[in-house]
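Okay, so here's the structure we're looking at.
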Amino acid sequence: MQREIIFLRQEFTTRRYAFIWISIWLILIFATWFSRPLIPFQETLFSGVVWEMYQSGDWLYPIINREYQHALFPLNYWLALGGWQFFGVSEFILRFLATLFSLSTLFLTAWAAYQLWPDRREVRANAPLVLIGSLVWTLFATANVEYLYFTFYLMLTMNFLIRVWRFDQKVWWIGFTISLTLGLFSSGLIFLLVTAPIIFLSPYWANKRWSQIYLYGLISTVVALSLFLIWAYFSASLLGFSLFDAIGLKSLIGALSNTPPFYVYLLNLIIILFPWLFWLRIYQLFKSAERDESLNFVIVWFLYLIVILGILSLTSLDALLPLYPAFGLIIARIYRQGISHKKDVVLITLVMSIVGGLLILIPQSYSYWGLPDWVGQVSPFWGAGLILFSITLFFNAANTRIMTLALMSVALTLAINFGVVRVATDFYDLTPAGERVSWYQSKGVKVAHLSGYRGHLHFVGKLQEPIVELGTMDDLATLIEEDPRSRVILYLEGKEELLDEMIEYWQPFRGRYLMIVKAGDLDLWLKTLPKGGGLLE
């Protein structure tokens, strides 16, 4: 009877924690959807690709501005297109799709914990909290970025691998194959490099059954890769580009050949793993934790991810999202309740206090630093709130739990979204510019953009025609010859660089000014500058 009572209490705890995950997820959705527009250039590119595929009816391969994007892959765009087909074109569908995947990743992390340690429900309850309690995850959990989807497919694939290993049920290799195929159609060969090699590391974590994992894993990989190559070959043949382009091999080679400095990667890792790396008690727990086979698996997996993501030059913060589930499983497995000391949380308190102090001081002296005017509108109360939270954490260190630190990161995310991002909306909201471009096109006026257009105006302006890309002065001359009324979008450090009468539209954008001018006026102005002012060759 006593064992039964304990079991029921643990089951209740697991369900209660699941309710907490969903509650925090809803808070993050509220904070995101009501504080910012689509983020340039990731979310605007995603939405732009979906819009052009929807409008053109060309669903086979990602396309933007009538150019096929060989660094992108179709699955996530197909899902968004399916949503639009059923519910109509809306930004809500795009946002909801991303948040649904982030929530599903939390449950996949809990499922992995259950399969690895079925008798330890506290691990299953705490692992998703580590994700929610990680600053960068909370920032990107509701953003439509590629690596949010990548992380979901990674966890789906790894769960099936864990299933066949821990329960010796070979039928689950079918699930592994399907998940690996989905990941390839979502992210290309990079997904294969991040996922499949863990199979060949099985001697370090699978003990006696590693030879079976080798064999079936290799077969599954070959099947998944074959399905991906069939689609790529069909797309290349039908659309007129090479197979190497279709599978994104050129972009992959480019990533491998442009490795950033190691210190950049190290700094991003520290940011990604905040606040857990700063919780000093974790190191004591790791040293004293019992090393079982499942923990060894997760450690090998996590270390492999750190190495391969660094080799692939995936060093932007969102590109490191795949680290979180494995890291969360490690923290949840080694954690046990106990008393923390003030020294254990002093680094977290210090970081939170510094961020809070900056949120107070920078808006008061933004003109001294040459920052945009919107910075001065950031309320000091957000910074004061973070400082108050950090002081509370410090003086209640003995009660520090995973839940406590998770809520600290959520508080920091809310402060950033409502205190900073919402105030800065006009600084990067491209909707007015997109609508202006759409208006020009409705009048039959061609609109051009200096080279490097990233599809960021396509969806926000619901554009019906492509934007002409200009790389040289000859391109500009050709544009003027084809349409003397044509306009050009360009970005300059200050409005004073152009005559007022030349500017038909302007708005602040990411530290510069987005401006629309007549192509003829721009041509005359550039000819007065040495080498065209460096804007065109």
Side-chain angles (χ1 to χ4, degrees), residues 21-66 68-69 72-108 140-153 155-156 178-179 181-183 185-187 231 318 321 417 421-422 425 429-435 437-438 441-442 454-466:
W21 313 332
I22 298 174
S23 299
I24 295 177
W25 177 71
L26 290 173
I27 292 172
L28 293 174
I29 289 176
F30 176 80
T32 301
W33 289 7
F34 292 93
S35 65
R36 65 166 179 81
L38 297 176
I39 300 174
F41 291 97
Q42 293 170 311
E43 288 190 304
T44 52
L45 175 60
F46 184 94
S47 61
V49 171
V50 178
W51 168 251
E52 183 151 346
M53 293 175 74
Y54 179 84
Q55 182 207 20
S56 65
D58 186 356
W59 286 34
L60 184 59
Y61 202 93
I63 185 173
I64 191 72
N65 211 35
R66 293 187 180 172
Y68 293 105
Q69 303 298 300
L72 304 178
F73 300 91
L75 179 56
N76 303 327
Y77 304 102
W78 288 342
L79 294 174
L81 287 165
W84 280 4
Q85 286 292 110
F86 279 101
F87 303 105
V89 175
S90 71
E91 183 180 313
F92 171 80
I93 296 297
L94 303 180
R95 290 183 182 270
F96 180 76
L97 182 66
T99 52
L100 185 62
F101 268 72
S102 68
L103 177 65
S104 300
T105 302
L106 297 181
F107 281 94
L108 286 176
F140 285 104
T142 54
N144 214 318
V145 294
E146 176 187 352
Y147 286 98
L148 185 66
Y149 298 97
F150 189 108
T151 306
F152 168 84
Y153 295 117
M155 280 308 298
L156 190 62
I178 294 173
S179 302
T181 304
L182 294 176
F185 275 85
S186 170
S187 302
W231 163 81
D318 62 298
L321 291 178
N417 276 319
V421 175
R422 191 175 186 182
T425 294
D429 184 6
L430 288 168
T431 302
E435 292 174 347
V437 172
S438 179
Q441 291 186 345
S442 70
R454 301 169 67 177
H456 45 283
L457 300 174
H458 259 60
F459 175 69
V460 294
K462 304 295 191 298
L463 303 187
Q464 303 295 320
E465 299 292 333

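Between Phe92 and Phe96, the two ring planes are parallel [angle under 30°; tilted spans 30° to 60°]. Ring geometry, Phe101 versus Phe152: the interplanar angle exceeds 60°, so the pair is classed perpendicular (tilted spans 30 to 60°). The aromatic rings of Tyr149 and Phe46 lie parallel to each other, their planes meeting at an angle below 30°, with 60° marking the opposite boundary.
Here the shortest heavy-atom pairing between Tyr61 and Leu72 reads OH-O, 4.2 Å. Considering every non-hydrogen atom in both Ala80 and Leu97, the closest pair reads N-CD2, 3.9 Å. Contact record, Glu435 with Val460: CG-O, 4.2 Å, taken as the closest heavy-atom pair. Taking every heavy atom of both residues into account, Tyr153 and Asn76 meet most closely at OH-OD1, 3.3 Å. Heavy-atom minimum distance, Thr99 versus Ser102: O-OG, 2.8 Å.
One distance of note links CD1 of Ile64 with OG of Ser47; it measures 8.0 Å at 0.5 Å rounding. Within the model, atoms CD of Glu91 and CD of Glu43 stand 8.0 Å from one another, a figure rounded to the nearest 0.5 Å. Separating the CZ atom in Phe41 from the CZ atom in Arg454 is a distance of 5.0 Å, to the nearest 0.5 Å. Expressed to the nearest 0.5 Å, how far CG of Leu457 lies from CG of Asn65 amounts to 10.0 Å. The distance from the CD atom of Gln441 to the CD atom of Glu465 is 6.0 Å, given to the nearest 0.5 Å. The line from CG of Leu156 to OG1 of Thr151 is 12.5 Å long, rounded to the nearest 0.5 Å.
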I'd like to know whether Leu26 forms a side-chain contact (heavy atoms from CB on, under 4.5 Å) with Ile22, so could you lay out the CA-CA distance, the side-chain angles of the two residues, the decisive distance to 0.1 Å, and finally the verdict.
CA-CA 6 Å; Leu26 290 173; Ile22 298 174; 4.3 Å; yes
Derivation of the side-chain contact (heavy atoms from CB on, under 4.5 Å) call for Leu38 and Arg95:
CA-CA 9 Å; Leu38 297 176; Arg95 290 183 182 270; 4.2 Å; yes
Just do the side chain to side chain donor-acceptor pair (under 3.5 Å) check on Gln55 and Gln464 with the steps written out, would you?
CA-CA 8 Å; Gln55 182 207 20; Gln464 303 295 320; 2.6 Å; yes
Would you sort out whether Trp231 and Phe73 count as a side-chain contact (heavy atoms from CB on, under 4.5 Å), showing the intermediate values?
CA-CA 11 Å; Trp231 163 81; Phe73 300 91; 4.3 Å; yes
Going through the distances and angles, do Ile63 and Met53 end up as a side-chain contact (heavy atoms from CB on, under 4.5 Å)?
CA-CA 7 Å; Ile63 185 173; Met53 293 175 74; 3.8 Å; yes
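For Trp84 and Tyr77, the gap between ring centers reaches or exceeds 6.0 Å.
With Ser186 contributing its side chain and Leu182 its backbone, the two residues share no donor-acceptor pair below 3.5 Å.
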